[in-house]
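The structure appears right after this line, and notes come after that.
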Amino acid sequence: MPELPEVETIRRQLAPEVAGRVVRRLDVLDPLWSRPVDPAELGAAVSGRGIREMGRRGKYLLLRLDGGETLAMHLRMTGNLLLVEDGEAAEARFLRARFELDDGRELWFTDARRFGQALLLGDERLEEHLAERLGLEPFSEDFTPAALGEMAAGRSAPLKSFLLDQKGVAGVGNIYADEALFRASLHPLSPAGSMRSGHLEDLHEGILGALRAGLDEGGASIDDYRDARGERGTMQDEFLVHTREGLACPRCGESIRRIVVSGRSTYFCPGCQVRLRRRRRRSRL
DNA sequence: AGGTCGGCCTGGCAGC
DNA sequence: TGCTGCCAGGCCGACC
């Protein structure tokens, strides 16, 4: 699934290719992609516009256009954004939207499950939209163990659910949540508010370490994910626990388990990931 | 208000 | 072989 490392891999590949180009034409083939906006309306609004840059916030790809508007795209589960050299020759399976650039190349948004969406907003409204949904960027200097502690304080939700919540740390999804918790030696069912300062440092480091590994490997291609060139990432070969049920823990050798937390498959090592207890409220003096 | 759950959506695969 | 039914999960709205 596209999470921060996958989306950032695509952004890094596309940014130098699309900056300064013009979208000669945007063809929206699937009304679900532009919903609730009419496909033809969104197509007309983007066609002819110059591209300033390709950005990212959380798991959103941000196509920044001339004139102070941005097309925010979300890949959700099975979306891909491909740079296509020859639109005639490429296989158009699951094609939902097609951008023709002024250099003859095309950007294709493909999406088997059709969860992906795009939204055109003025930059001010976009900032509001993102601020309502997303918390800290993990690679910003604002993301510190102390900031993590402030977000987790008083929360009884399991650490796994806490990490999946985009309003906390933006960009972490099911894969990297499992990997981060393993790196931090923290049990996914531990209440978020139960972490002490050492745990906060471990989790902070675990999140960054897992995301960096994903970036180094060009993302994880368990099934649908491909980078902007259509190639697979290799992070799935480096997973420490995710999808490794029954295999030996790389740290202590115990058998990795799979449980369901918040309806999501969750992999962890019962041998070395510590289950914290809910912190007792400070008694009043 | 914080936490959980069902719905969106469909390809792929297990099971018969 | 071919059909059915279930699973995957990011995000959001409904509900407790």
Side-chain angles (χ1 to χ4, degrees), chain A residues 1-8 10 28-37 39 56-62 72-81 91-97 109-119 121 126 128-135 137-138 150-181 188-195 210-211 214 219-226 232 235-236 239 241-245 258-267 278-279 281:
Chain A
M1 312 305 127
E3 304 178 26
L4 188 152
E6 288 75 25
V7 177
E8 178 62 17
I10 292 170
V28 179
L29 307 168
D30 183 354
L32 279 186
W33 192 72
S34 59
R35 187 181 56 179
V37 175
R56 180 194 60 77
R57 176 83 169 88
K59 300 175 198 169
Y60 288 84
L61 279 165
L62 306 174
M73 293 176 275
H74 201 300
L75 302 171
R76 295 283 170 96
M77 306 286 304
T78 53
N80 288 121
L81 191 59
E91 203 222 319
R93 207 178 176 211
F94 310 132
L95 184 59
R96 306 298 176 200
F109 193 109
T110 65
D111 189 0
R113 252 167 258 178
R114 303 175 69 203
F115 281 127
Q117 273 181 285
L119 183 65
L121 290 176
L126 176 76
E128 289 173 19
H129 184 89
L130 296 176
E132 284 166 12
R133 288 164 177 77
L134 303 177
E137 273 302 314
E150 274 175 45
M151 294 186 294
R155 295 193 52 177
S156 61
L159 277 176
K160 176 66 183 272
S161 312
F162 171 70
L163 289 182
L164 292 178
D165 183 356
Q166 300 301 296
K167 292 188 193 72
V169 187
V172 176
N174 204 39
I175 292 171
Y176 296 96
D178 284 356
E179 296 291 295
L181 288 171
L189 291 176
S190 298
S194 65
M195 290 184 292
L211 294 176
S221 294
I222 298 176
D223 38 27
D224 294 86
Y225 171 72
R226 298 292 182 273
R232 301 171 69 90
M235 180 60 188
Q236 66 280 2
F239 285 164
V241 284
H242 192 73
T243 69
R244 297 180 59 80
E245 183 179 18
R258 173 188 179 273
I259 58 174
V260 175
V261 184
S262 308
R264 303 286 172 265
S265 284
T266 298
Y267 300 86
R278 195 155 63 93
R279 263 177 115 170
R281 281 254 208 88

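Per chain, numbering begins at 1; letters A, B, ... match sequence-line order.
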>> I need the minimum non-hydrogen distance between A:Arg226 and A:Ile10, along with the two atoms involved.
In response: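 Distance-wise, the nearest heavy atoms are O-CD1, 4.1 Å.
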
>> Quick check: closest heavy atoms across A:Ala152 and A:Met195, and the distance to 0.1 Å?
In response: CB-CE, 3.8 Å

Nearest whole Å is fine: how far is [N] [atom2] from [X] [atom1]?
X        : N      : atom1 : atom2 : result
A:Asp224 : C:dC7  : CG    : C1'   : 13 Å
A:Ile222 : B:dG12 : CD1   : C1'   : 15 Å
A:His242 : C:dG9  : NE2   : C1'   : 10 Å
A:Tyr176 : C:dG9  : OH    : P     : 14 Å
A:Tyr60  : C:dC12 : OH    : C1'   : 10 Å
A:Glu3   : C:dA8  : CD    : C1'   : 13 Å
A:Glu6   : C:dG10 : CD    : C1'   : 13 Å
A:Gln236 : C:dA8  : CD    : P     : 18 Å

Has [X] got a side-chain atom pairing as donor or acceptor with [Y]'s backbone, closer than 3.5 angstrom?
X        : Y        : answer
A:Glu3   : A:Asn174 : yes
A:Asp178 : A:Val241 : no
A:Gln117 : A:Arg35  : yes
A:Glu179 : A:His242 : yes

Below 3.5 Å between N/O atoms, which protein atoms pair up with nucleotides 9-11 of chain B? Just atom names and distances, please.
unit_1, atom_1, unit_2, atom_2, d
B:dT10, OP1, A:Arg114, NH1, 2.3

> Can you check whether A:Glu6 reaches A:Tyr176 side chain to side chain, under 4.5 Å on heavy atoms?
Replying inline: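 Yes, at least one pair of side-chain atoms sits under 4.5 Å.
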
> Are any of the side-chain heavy atoms of A:Asn80 and A:Phe109 separated by less than 4.5 Å?
Replying inline: no

>> Going by side-chain contact (heavy atoms from CB on, under 4.5 Å), A:Lys160 matches just one of A:Val261, A:Val260, A:Leu189, A:Ile259. Which one?
In response: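 With A:Lys160 as partner, A:Val261, A:Val260, A:Leu189, A:Ile259 yield a single side-chain contact (heavy atoms from CB on, under 4.5 Å), made by A:Val261.
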
>> Whether A:Arg76 contacts B:dG7 is assessed here as follows: a side-chain N or O lying under 4.0 Å from the phosphate OP1 or OP2. Is that the case?
In response: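 The answer is no; no side-chain N or O of A:Arg76 sits under 4.0 Å from OP1 or OP2.
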
>> Quick check on C:dG10: is either OP1 or OP2 less than 4.0 Å from any side-chain nitrogen or oxygen of A:His74?
In response: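 Checking A:His74 against C:dG10: no side-chain N or O falls below 4.0 Å of OP1 or OP2.
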
> Base, sugar-phosphate, or nothing for A:Thr78, non-hydrogen atoms under 4.0 angstrom?
Replying inline: nothing

> Among residues 155-172 of chain A, which residues get a heavy atom nearer than 4.0 Å to DNA chain C?
Replying inline: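 When residues 155-172 of chain A is checked for heavy atoms under 4.0 Å from DNA chain C, the hits, listed by number, are A:Gln166.
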
